[in-house]
Structures are given as structure tokens and as C-alpha cells.
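Working notes, beginning with the structure itself.
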Amino acid sequence: VYLPAGAQWYDYWTNTKHNGGQTLKASAPLSKAPLYIKAGSILPLGPDVQYANENKFDNLDLVVYPGADATFTLYEDEGDNYNYESGKYSLIKFSWDDKKKRLTSHGREGSFEGMPTERLFVVKMGAKELSMSYNGKKMSVSF
């Protein structure tokens with residue numbers, strides 16, 4: 001696996017950090033394909049589902065890979081119609097300040113029928129976990 005130069009990369013399975021600009025010999029069994037995440041990423045993880053409306057995703061994990069500042073915007077809509085075309089959706093922007101080791105969730109923009117007004121985000125960085133009880137307003141957690 002070649003890791004592009006100019007960044008550090010995390011092995012998704014082991015959380016081992018590697019410098020970019022090198023080629024690694026990676027194990028690749030069918031159950032764990034090689035997967036590397038760029039430092040300065042926010043990776044949202046939800047439950048395993050078979051179709052869009054199987055679970056409302058009230059709780060999500062947000063995995064932060066430190067090493068650079070990052071942003072991520074969570075887009076949500078009803079999932080079973082075209083109401084998003086008329087503005088029925090919401091956006092929640094997240095930003096990671098690497099120097100301060102702080103993740104900030106910004107105020108929600110937009111809305112749609114049935115939207116969860118409160119939710120739990122479990123923020124993970126390495127072995128550390130913090131809970132963020134989000135209610136649509138700006139808030140932060142620091143590691």
C-alpha cells in the first residue's frame with residue numbers, strides 16, 4: 001500500500017500511525033482489507049443497517065484522527081422521499097482544532113419532519129472517548 005507524501009496516515013484496524021511517502025506491505029485478509037485514514041480526518045460511524053430507514057442513527061461515533069485541523073458536515077434528511085429538494089434537510093458542521101485538541105459541533109442549519117432534536121455523539125480519539133449530548137446548538141469537547 002502506498003501512503004501519499006505530505007501527511008501522516010492511521011491504520012484503521014490498529015490505529016498505528018505511519019508517515020506518508022512510503023510503501024507498506026499490508027496484510028489483506030478478506031475480513032480486513034487495508035484501510036488508512038489521513039491524519040486530520042473526522043470519520044462518522046453508525047450502526048450496521050441494510051437500508052436507509054432501518055435505523056434513525058440517533059447515536060453516532062465520530063472518530064478523530066489527529067495531526068491536522070479538520071472539518072466534516074453531517075447531512076440528514078427524511079431518507080424516503082424527495083423533500084430535500086425543497087430544503088427539508090439539516091446540516092451539522094464539526095470542526096477539529098488540532099492544536100487545542102478540541103472538536104466543536106456548530107449550530108444545526110435547516111430542519112425536516114421527524115428530525116431528532118437531541119442526540120448523542122461519542123467522540124473517539126485513539127483509546128479515549130468523550131460523550132457529546134447535542135441539542136442543535138454550538139458546543140465543544142476537548143481531549
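Quantities reported herein were computed from a predicted structural model and do not represent experimental measurements.
Counting heavy atoms of neighbouring residues, nucleotides and ligands inside a 6.0 Å radius, atom OH of Y82 does not exceed 12 of them. A 6.0 Å sphere centred on CD of E113 holds no more than 12 heavy atoms belonging to other residues, nucleotides or ligands.
The line from CG of L103 to CE of M139 is 10.0 Å long, rounded to the nearest 0.5 Å. For the atom pair OG (S27) and NZ (K32), the distance works out to 9.0 Å, reported to the nearest 0.5 Å. Between the CD atom in E118 and the OG atom in S133 there is a gap of 8.0 Å [rounded to 0.5 Å]. In this structure, CD in Q22 is found 9.0 Å from OH in Y2, a value given to the nearest 0.5 Å.
In this structure, the ring of Y89 has its center no less than 6.0 angstrom from the ring center of Y84.
Taking the six-membered ring where tryptophan is involved, the planes of Y134 and F94 are tilted, since the angle between them lies from 30° to 60°.
Pairing each heavy atom of L120 with each of S131, the nearest pair is CD1-CB, 3.8 Å. Taking both residues in full, the closest heavy atoms of D98 and K101 are given as O-NZ, 3.0 Å, listed atom of the first, atom of the second, then distance. Residues A70 and G40 come closest through the heavy atom pair CB-O, 3.0 Å. Between W13 and A33 the shortest heavy-atom distance is NE1-O, 2.9 Å.
At least one side-chain heavy atom of R102 sits under 4.5 Å from a side-chain heavy atom of T104. By the 4.5 Å heavy-atom criterion applied to side chains, W96 and P66 are counted as neighbours. With contacts defined as side-chain heavy-atom distances shorter than 4.5 Å, the pair D77/N83 does not qualify. Between D11 and Y36, some side-chain heavy-atom pair lies under the 4.5 Å cut-off.
Remark: E129 engages V122, K124 in a side-chain contact (heavy atoms from CB on, under 4.5 Å) (not counting sequence neighbours).
The hydrophobic cluster containing F121 also contains F143, counting ILVMFWY residues as joined when their side-chain heavy atoms lie under 4.5 angstrom apart, directly or transitively. Cluster annotation: I42 and Y12 are assigned to distinct hydrophobic clusters (Ile/Leu/Val/Met/Phe/Trp/Tyr, side-chain heavy-atom contacts under 4.5 Å, transitive).
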